[in-house]
K.L.:
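Before I ask anything, let me first share the structure, which is written out below as structure tokens.
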2 protein chains.
Amino acid sequence: MSDLVTRLRRHNWRITPQRRVIAETLEGSHVHFTAEEILERACERMPELSRATVYNTLNEMVALGEVLELALDGRSKRYDPGVDEEHHHLICEGCGLMKDVHAVTDPLGWLPADERHGFAVTRASVTYRGRCPDCQDA
Amino acid sequence: MSDLVTRLRRHNWRITPQRRVIAETLEGSHVHFTAEEILERACERMPELSRATVYNTLNEMVALGEVLELALDGRSKRYDPGVDEEHHHLICEGCGLMKDVHAVTDPLGWLPADERHGFAVTRASVTYRGRCPDCQDA
DNA sequence: TTCTTTGTTTAGACATAGTCTAAGCTAGGA
DNA sequence: TCCTAGCTTAGACTATGTCTAAACAAAGAA
Ligand SMILES: [Mn+2]
Ligand SMILES: [Mn+2]
Ligand SMILES: [Zn+2]
Ligand SMILES: [Zn+2]
């Protein structure tokens, strides 16, 4: 696995200073940031960075297939740079905490042909929900 | 399986005319409506019905556990009255068409204990993505 | 180098989805 | 009947994200 900027460059995609800061902010942490969280953190390094550029850049990285867009809770979308590592997500219904998890089988294999409605099915993602250790007492 | 209004009444939840129209609109079709789509259709039967009541009522039905809220695409949430029938969803990445599917195993069993991060995991839903018959040519 | 072309960034207007508020309404109990 | 608690309403408000038009920047041509 190579870093996100390297992967992005392979698409002949211009790595401007703004795009580099956004990519590095996204990849630097292992949580799943919203666009606003990325804007806030990236602005610490590049204060004049605009909101529109953050949204545009994230959408382009998703379109290039190098970042995953997660819309799991009906609030802000979250962005996941770990597109190369097959994984799913576990979400706390109390506090919203999100963890990566690695399931043991490929869910695509568990969908019978007669349940596919003629679709060409390409991806399957599993969302596990429950309560994190901190939220189990409350 | 009983109808949604019957299930709702069991929670000692007052079935007002507005709530009945919303529940019947939601259950009447087998698609997954957004709140705005329910408002539009319910208003054909009760023109003075307000947007706030539709949103309030849907949120209450979700809180009672009788309706499922689906946030799958980062746009409007969709509401699924088929909470009693265990199923998952297949989405067309071209046109957004959503189909119910029934997988053959329980995904909860796919998640090893050492991947649970101490969570009490209660639910797992699988989202399959691909292209529907109409969108495969384009 | 300078010019031209093309793509990028910006601020702010705009759009959409959903929540909140305050007032009025309704139904059931005293 | 009146009272009270809960329900409904219109519209203001908030949050998230997109669009527009102008300024800016970089690469290639001359
Ligand atoms: Mn992830
Ligand atoms: Mn469904
Ligand atoms: Zn939690
Ligand atoms: Zn389609």
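Here is the naming used below: chain letters follow the sequence lines, and residue numbers restart at 1 for every chain. Bear in mind the structure is a predicted one, so any value in this text is a computation, not a measurement.
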K.L.:
Could you state the CG-P distance from B:L49 to C:dT26, rounded to the nearest angstrom?
P.N.:
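Value for this atom pair: 15 Å.
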
K.L.:
Report the distance from atom CZ of A:R51 to atom C1' of D:dT16, rounded to the nearest whole Å.
P.N.:
9 Å

K.L.:
When the nearest nucleotide of DNA chain C is assigned to B:R14 and to A:Q18 on a heavy-atom basis, which residue is associated with the more 5' position?
P.N.:
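Result of the comparison: A:Q18.
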
K.L.:
How far apart are the C-alpha atoms of B:R129 and B:L90, what are their side-chain angles, what is the distance that settles it, and do they pass the side-chain contact (heavy atoms from CB on, under 4.5 Å) test?
P.N.:
CA-CA 6 Å; B:R129 291 172 202 275; B:L90 171 56; over 6 Å; no

K.L.:
Does A:S50 have a side-chain nitrogen or oxygen under 4.0 Å from the phosphate oxygens OP1 or OP2 of C:dT9?
P.N.:
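False: A:S50 side-chain N/O out of range (4.0 Å or more) of C:dT9 OP1/OP2.
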
K.L.:
Could you tell me the separation between the CG atom of B:N59 and the C1' atom of C:dG18, rounded to a whole number of Å?
P.N.:
9 Å

K.L.:
Taking atom CH2 of B:W110 as the centre, does the number of heavy atoms from other residues, nucleotides or ligands within less than 6.0 Å exceed 12?
P.N.:
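Enclosed: over 12 neighbouring heavy atoms sit under 6.0 Å from CH2 of B:W110.
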
K.L.:
Would you mind reading off the distance between B:F33 atom CZ and C:dG18 atom P, rounded to a whole angstrom?
P.N.:
15 Å

K.L.:
Can you check the B:M46 CE to C:dT26 C1' distance for me, whole Å?
P.N.:
13 Å

K.L.:
For B:E48 and for B:G74, locate the closest nucleotide of DNA chain D by heavy-atom distance; then report the residue assigned to the nucleotide nearer the 5' terminus.
P.N.:
B:E48

K.L.:
With side chain to side chain donor-acceptor pair (under 3.5 Å) as the test, would you mind laying out the steps for B:D100 and B:H88 before giving the verdict?
P.N.:
CA-CA 6 Å; B:D100 286 351; B:H88 303 289; over 6 Å; no

K.L.:
Would you please classify the geometry between the B:H32 ring and the B:H89 ring as parallel, tilted or perpendicular, with 30° and 60° separating the classes?
P.N.:
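It falls in the perpendicular class, over 60°.
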
K.L.:
For C:dT8, does OP1 or OP2 lie under 4.0 Å from any side-chain N or O of A:N56?
P.N.:
no

K.L.:
Between C:dA11, D:dT9, C:dA17, spot the one nearest the side chain of A:A52, thanks.
P.N.:
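Closest nucleotide to the A:A52 side chain: C:dA11.
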
K.L.:
Please confirm whether the shortest side-chain N or O distance from B:Y55 to OP1 or OP2 of C:dG18 is below 4.0 Å.
P.N.:
yes

K.L.:
Over all strands shown, is A:E36 touching base, sugar-phosphate only, or nothing at heavy-atom distances under 4.0 angstrom?
P.N.:
nothing

K.L.:
Check whether any side-chain nitrogen or oxygen of B:T16 sits under 4.0 Å from OP1 or OP2 of D:dC7, and answer yes or no.
P.N.:
no

K.L.:
Would you kindly give the CZ-to-P distance between A:R19 and C:dT10, to the nearest whole Å?
P.N.:
11 Å

K.L.:
Select base, sugar-phosphate, or nothing to describe what A:S76 touches, counting heavy atoms under 4.0 Å on all strands.
P.N.:
sugar-phosphate

K.L.:
Whole-Å distance between C:dT8 C1' and A:W13 CH2?
P.N.:
11 Å

K.L.:
Quick one: A:L39 CG to C:dT10 P, roughly how many Å, whole number?
P.N.:
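Nearest whole value for this atom pair: 10 Å.
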
K.L.:
Are B:R19 and B:E24 ion-paired here, with the side-chain N under 4.0 Å from a carboxylate O?
P.N.:
no

